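Atoms considered below: every heavy atom in the structure, side chains included; atoms not considered: hydrogens, waters and symmetry mates. Worth saying up front: this structure is predicted, and the values here are computed from it rather than measured.
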Amino acid sequence: QVQLVESGGGLVQPGGSLRLSCAASGGGFSPAVMGWYRQAPGKERGLVAIMTSGGTINYGESVKGRFTISRDNTKNTVYLQMNSLKPEDTAVYYCSARQKLLKGYNYWGQGTQVTVSS
C-alpha cells in the first residue's frame, strides 16, 4: 500500500520560512507527479506546487516567487521551501502523488498545519 507522510508544518511569523517534506512509501510506487495542495477554512483545496519526475513544475499563482518545490526521486520525496510567508498562507498543506502523468488515482497525505501569525 502507498503511504505519504508529511512533516515540517508549524507556527511562523509573517516573513518567515518553513520547509515541508513528504515521503512516499510502497513497493513499486514511482510517482510521475508529486506536489502540494492547501486548504484554508471555508475555501476550496488549491494548488500550491506540483512537480513531475522529469522536472516540470507548476506553481499556484499566489506562491510564485516565494515557494520552491523540489524532489529526490531516489527517495520518492518531495519538498516545499516556503519563504516570505504571509498570513494568507495559513492552511492545512497536503502532499499528493500520482503514478501516471495525466490521470490516475491521487494519493494524499494526512496534512500538516501551517499557521502564519504574529
Side-chain angles (χ1 to χ4, degrees):
Q1 60 182 5
V2 175
Q3 185 176 18
L4 305 179
V5 180
E6 301 136 324
S7 62
L11 174 65
V12 65
Q13 294 183 339
S17 298
L18 285 173
R19 189 175 189 241
L20 306 183
S21 299
C22 172
S25 63
F29 186 57
S30 299
V33 183
M34 295 189 74
W36 299 90
Y37 294 77
R38 66 186 183 185
Q39 187 168 25
K43 297 183 178 180
E44 293 184 337
R45 184 175 297 186
L47 171 69
V48 178
I50 55 173
M51 188 174 185
T52 71
S53 59
T56 301
I57 296 171
N58 291 133
Y59 288 104
E61 194 67 31
S62 64
V63 308
K64 288 181 179 178
R66 300 188 297 120
F67 292 8
T68 303
I69 189 171
S70 60
R71 287 180 64 159
D72 183 343
N73 291 332
T74 64
K75 299 179 180 179
N76 281 342
T77 300
V78 64
Y79 307 93
L80 185 69
Q81 179 67 45
M82 303 186 293
N83 299 325
S84 301
L85 283 162
K86 305 174 181 179
E88 50 262 45
D89 295 318
T90 296
V92 177
Y93 284 69
Y94 296 93
C95 179
S96 182
R98 188 172 71 238
Q99 183 119 328
K100 296 181 179 179
L101 183 62
L102 297 178
K103 64 179 181 180
Y105 185 78
N106 292 297
Y107 295 92
W108 295 93
Q110 78 285 354
T112 185
Q113 177 70 46
V114 172
T115 302
V116 185
S117 177
S118 298

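When the side-chain hydrogen bond (donor to acceptor under 3.5 Å, both in side chains) test is applied to Gln39, no partner is found at least two apart in sequence or on another chain. Listed by chain and number, the residues in a side chain to side chain contact (heavy atoms under 4.5 Å, CB included) with Lys64 are Tyr59, Glu61 (sequence neighbours excluded). The side chain to side chain contact (heavy atoms under 4.5 Å, CB included) test applied to Glu6 returns Cys22, Trp36, Tyr94, Cys95, Gln110, Thr112, not counting sequence neighbours. Qualifying side-chain hydrogen bond (donor to acceptor under 3.5 Å, both in side chains) partners for Thr56, counting only residues two or more places apart in sequence or in other chains: none. Considering only residues two or more places apart in sequence or on other chains, Asn73 meets the side chain to side chain contact (heavy atoms under 4.5 Å, CB included) condition with Ser53, Arg71. Residues satisfying the side-chain hydrogen bond (donor to acceptor under 3.5 Å, both in side chains) test with Thr115, not counting sequence neighbours, are Gln113. Applying the side chain to side chain contact (heavy atoms under 4.5 Å, CB included) test to Asp89 and every residue at least two apart in sequence or in another chain returns Arg38, Arg66, Phe67, Leu85, Lys86, Tyr93, Val116.
Taking each heavy atom of Leu80 and Ala49 in turn, the nearest pair found is CD1-CB, 4.4 Å. The nearest pair of heavy atoms linking Ala32 to Leu101 is CB-N, 3.8 Å.
Other residues, nucleotides and ligands place no more than 12 heavy atoms under 6.0 Å from the CD atom of Gln1.
Tyr107 and Val33 are members of different hydrophobic clusters when ILVMFWY side chains are connected at heavy-atom separations under 4.5 Å. Under a hydrophobic clustering in which Ile, Leu, Val, Met, Phe, Trp and Tyr are joined whenever their side-chain heavy atoms come within less than 4.5 Å, directly or via other members, Met34 and Val2 fall into different clusters. Put simply, Leu102 and Ile50 are part of the same group of oily side chains (I, L, V, M, F, W, Y) that touch within less than 4.5 Å, one to the next. Both Trp108 and Leu47 are assigned to one and the same hydrophobic cluster, defined by single-linkage of ILVMFWY side chains at heavy-atom distances under 4.5 Å. Under the 4.5 Å side-chain heavy-atom criterion for grouping Ile, Leu, Val, Met, Phe, Trp and Tyr, Val5 is not connected to Val78 through any hydrophobic cluster.
Within the structure, disulfide bond (SG atoms under 2.5 Å apart) contacts touching residues 32-90 (residues at least two apart or in different chains) do not occur. Applying the disulfide bond (SG atoms under 2.5 Å apart) test to pairs two or more places apart or on separate chains, none has a residue in residues 23-68. Sorted by first and then second residue, the disulfide bond (SG atoms under 2.5 Å apart) pairs involving residues 26-69 (not counting sequence neighbours) form an empty list. Note on residues 96-112: no pairs pass salt bridge (Lys or Arg N to Asp or Glu O under 4.0 Å), not counting sequence neighbours.
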Could you give the side-chain donor-acceptor pairs of residues 9-21 under 3.5 Å, partners two or more places apart or in another chain?
| from | atom 1 | to | atom 2 | distance (Å) |
| --- | --- | --- | --- | --- |
| Ser17 | OG | Asn83 | OD1 | 2.9 |

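Side-chain atoms of Gln99 come within 3.5 Å of backbone N or O of Ser30 as a donor-acceptor pair.
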